[in-house]
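These notes concern the structure reproduced below.
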Amino acid sequence: MGPKILSANWDVPGSHTLDVARSRGTYSRLAKAFSLQPSEITQVVKDSGLRGRGGAGFPTGMKWSFVPSKEKRGGKPVYLLCNADESEPGTFKDRYCMWLDPHLLIEGMIIAAWALDCHTAYIYIRGEFRFIQERLDAAVAEAYAAGLLGKNILGSGFDFDLHVHLGAGAYICGEETALISSLEGEKGQPKLKPPFPAVEGAWKAPTVVNNVETLAAVPWILENGAAAYKALGTEKAPGTKLFSVSGHVNKPGVYEIPMGMPMRQFLDEVCGGVKGGKKLKAIIPGGSSVPVMTADEVDKCSMDYESINANAGSYLGSGGFIVMDETTDMVAALTNLLRFYAHESCGQCTPCREGCGWMYQILCRVRDGYATPEDLGTLRDLADNIHSKTICFFGASAAMPVQSFLTKFRDEFLQRVQRPAGSMTVVASAPIAAGGA
Amino acid sequence: MSHGAAPAASRGPREWSHDQLAKIDVILAKYPTKQSAIMPVLWLAQDDFGWLDLDVMRLVARTLQIPPSHVHAVASFYTMFKKVPTGRYVIDVCQTLSCALVGAEAIIAHLERVLEPDAHGNSKDGLFTLHKVECLASCGSGPMMQVNEHFYEFLTPDSVDQIIHGLRSGNPLPTPRPEANEWQWAPRS
Ligand SMILES: Cc1cc2nc3c(=O)[nH]c(=O)nc-3n(C[C@H](O)[C@H](O)[C@H](O)COP(=O)(O)O)c2cc1C
Ligand code: SF4
Ligand code: FES
């Protein structure tokens, strides 16, 4: 399956400890980093084509280069925030990056900090990951004790402090401006952009927010060079990516593959195919917020940003790959997702706050057989009127599943509303699919 | 989004211990503003005082020199800050899509049968509080639940019974199954 960049150490016993990490080469890239000018490192990352793994796929080197120069910052510091909020349904890769190789992330953050002239960074980790926070804290303490963090790292003259900040249960804090609000001790509510965080972020200072997986890729890129990274994956989506695979599949789990593998091959060969030999009905390829794909579309796509977008109108997102077999009730599946969005809306924007709850209520009625065909029209209108009309991308994230399920699995929705009202048995507590229980 | 828990009954004014004050100093040193320490200090308070009543929130406000109303606003925004007392074991069972595809409904129904929670999720014996929650990043190893800090995955009615029964008999929380440390799972029978 090609080289492992992010998960190379995961099956080494004790991989989370400093001794084992060092024996595997972690922190060996720091010497090279400190021998380069910060701008040279940003250039390597730019040249590598690395794109953010948190969901938006924004080029990482370009993001770093948006940070104003020292002269233009007027004495303000630069902050680096590692987004470890990992709450997008279907996504569970950062969890293992931190659990099994915390030192690789720390090394990546030191290199990024050197490139950004940043002296203080935070890892913002979701509150439910307290057990991982303990491990991260221990790794950070080991790194301090070994002189890899703190003052004058490895005699380079570079000072860098790293802290772990624990969230407390709010999906929206994964959105970068909400994450910043939360870190500042506010309610975790997003802010309008611009200003973008790279110009004005945490405590009004330039701030780079990067996902765990993005930062963990940096040491390999620095060691092996941009060309080696570009040699993996596709032209526009270089490198490897971690996919979190869940649902009706024989071998769920986290897989690191080069970008661009045919999706069918990934499903059948890497993930062991659909569970129980059943037929595939649908896949959500990038976490719950991206449009759903039909089995036909799966056959046309490969595992990279461009192909998924061109052939299925969907997105690679966070790489949360949710597999649904032929028994899946798509109405119930969408209703389940909308409960999530109705619950997690931060409530600032009326279309999102009211719309998500409203869509969820309509969907409950559709699912339970009490809806009319007009309700489907209202549902579609609501989704169209939330998308792009809110402060943050959460609104679109709730609208896209609705729009895509309604379009691609129209018959299932129509069937549910074309019966005489009340003639269906209430299925609220029925399983979404036969594949699981 | 805040779900506005009612202000809780007072347990009387609170003070920090020396130990807690030392920990707060360590926390404050990590941030450029005092307000930024609000979440870690709320976590500390919750760990030691059990839950965040208004007196605890006032203490946090005084310590960080911010208005009590702001502490209340922040505490209410985040679901993991407890504004009401809970049982000794808080069971957060995931109900989101990936878990639902592999049988979360049956596990939730089973938990409800076994625990008979009231409207607040509390079991009669006061030992448990059951919450149905959204995705906990365990989607490939569902159905799953979090009990206090631990994740329990690949749940079956039997494994749920074992955990609940053990806790009811006064045993400590069991060590999560080794699968919690794996990241790929072959077919299981
Ligand atoms: C509603 C919402 C939730 C998000 N949740 C996460 C998350 O849990 N983790 C993450 O890394 N990025 C998340 N993001 C994306 C971040 O806003 C941001 O783009 C990302 O952390 C940048 O890092 P990257 O460039 O390395 O991907 C979310 C975005 C939105 C709109
Ligand atoms: S779109 Fe939704 S989540 Fe985002 S800021 Fe508006 S209300 Fe909050
Ligand atoms: S859907 Fe249950 S843990 Fe993600």
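Proteins get letters first, then strands, A, B, ... in listed order; numbering begins at 1 in each.
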Can a side-chain donor-acceptor contact be found between [Y] and [X] if the only test is distance below 3.5 angstrom?
X	Y	answer
B:Asn171	B:Ser169	no
B:Asp158	B:Thr156	no
A:Ser244	A:Tyr96	no
A:Glu184	B:Thr33	no
A:His163	B:Tyr31	no
A:Thr91	A:Glu86	no

Are the aromatic ring centres of A:Phe131 and A:Trp99 under 6.0 angstrom apart?
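Centroid distance A:Phe131-A:Trp99: below 6.0 Å, so yes.
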Check whether the ring centres of A:Phe321 and A:Tyr255 lie less than 6.0 Å apart, and answer yes or no.
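Ring centroids of A:Phe321 and A:Tyr255 are no less than 6.0 Å from each other.
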Quick check on the structure: residues of residues 109-133 of chain B within a heavy-atom distance below 4.5 Å of chain A, by number.
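Residues in range: none.
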Using only non-hydrogen atoms and a strict under-4.5 angstrom cutoff, which residues of residues 36-48 of chain B touch chain A?
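Under the 4.5 Å heavy-atom cut-off, B:Ser36, B:Ile38, B:Met39, B:Pro40, B:Trp43, B:Asp47 qualify.
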Go through the atoms of B:Glu149 and report whether side chain, backbone, both or neither lie under 4.5 Å from a heavy atom of chain A.
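Contact with chain A: backbone and side chain both.
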Check each atom of B:His70 against the heavy atoms of chain A and say whether the ones under 4.5 Å are side chain, backbone, both or neither.
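Only the side chain of B:His70 comes within 4.5 Å of chain A.
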Contact between B:Leu97 and A:Ile284 at the side-chain level, heavy atoms closer than 4.5 Å - yes or no?
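With C-beta onward as the side chain, the pair touches.
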Which of [options] touches chain B most, by non-hydrogen pairs under 4.5 Å:
options	result
A:Cys173, A:Gly185, A:Pro77, A:Pro89	A:Gly185
A:Gln348, A:His165, A:Met324	A:His165
A:Ala202, A:Gly320, A:Ser182, A:Cys271	A:Ser182
A:Asp11, A:Ile172, A:Val249	A:Asp11
A:Pro252, A:Ser246, A:Ala168, A:Gly90	A:Ala168

Can you say whether [X] sits under 4.5 Å from chain B via the side chain, the backbone, both, or neither, judging by heavy atoms?
X	value
A:Val254	both
A:Ser7	neither
A:Leu334	neither
A:Glu186	both
A:Leu166	both
A:Leu337	side chain
A:Asp94	neither
A:Tyr341	neither

Determine, step by step, whether A:Ser288 and A:Glu88 satisfy the side-chain contact (heavy atoms from CB on, under 4.5 Å) criterion, reporting the C-alpha distance in whole Å, the side-chain angles of both residues, the deciding distance to 0.1 Å, and the verdict.
CA-CA 7 Å; A:Ser288 65; A:Glu88 170 83 357; 3.8 Å; yes
Could you tell me whether B:Arg168 atom CZ has more than 12 heavy atoms of other residues or ligands within 6.0 Å of it?
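Yes, because the 6.0 Å sphere around CZ of B:Arg168 holds more than 12 heavy atoms from other groups.
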Output the distance between atom [atom1] ([X]) and atom [atom2] ([Y]), rounded to the nearest 0.5 Å.
X	Y	atom1	atom2	value
B:Leu52	B:Tyr78	CG	OH	13.5 Å
B:Glu134	B:Cys94	CD	SG	7.0 Å
B:Phe151	B:Leu136	CZ	CG	5.0 Å

Using a strict threshold of under 4.0 Å (side-chain N to carboxylate O), is an ion pair present between A:Glu256 and A:Lys93?
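Answer for the salt bridge query: no.
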Of all of B:Leu64, B:Val71, B:Val74, which one pairs up most often with chain A through heavy atoms under 4.5 Å apart?
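The answer is B:Val74.
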Under 3.5 Å, is there a donor-acceptor pair between the side chain of A:Tyr171 and the main chain of A:His343?
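A pair under 3.5 Å: no.
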Distance to the ring centre below 6.0 angstrom and angle to the axis at most 45 degrees; does that hold for A:Arg126 and A:Phe129?
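So A:Arg126 does make the cation-pi contact.
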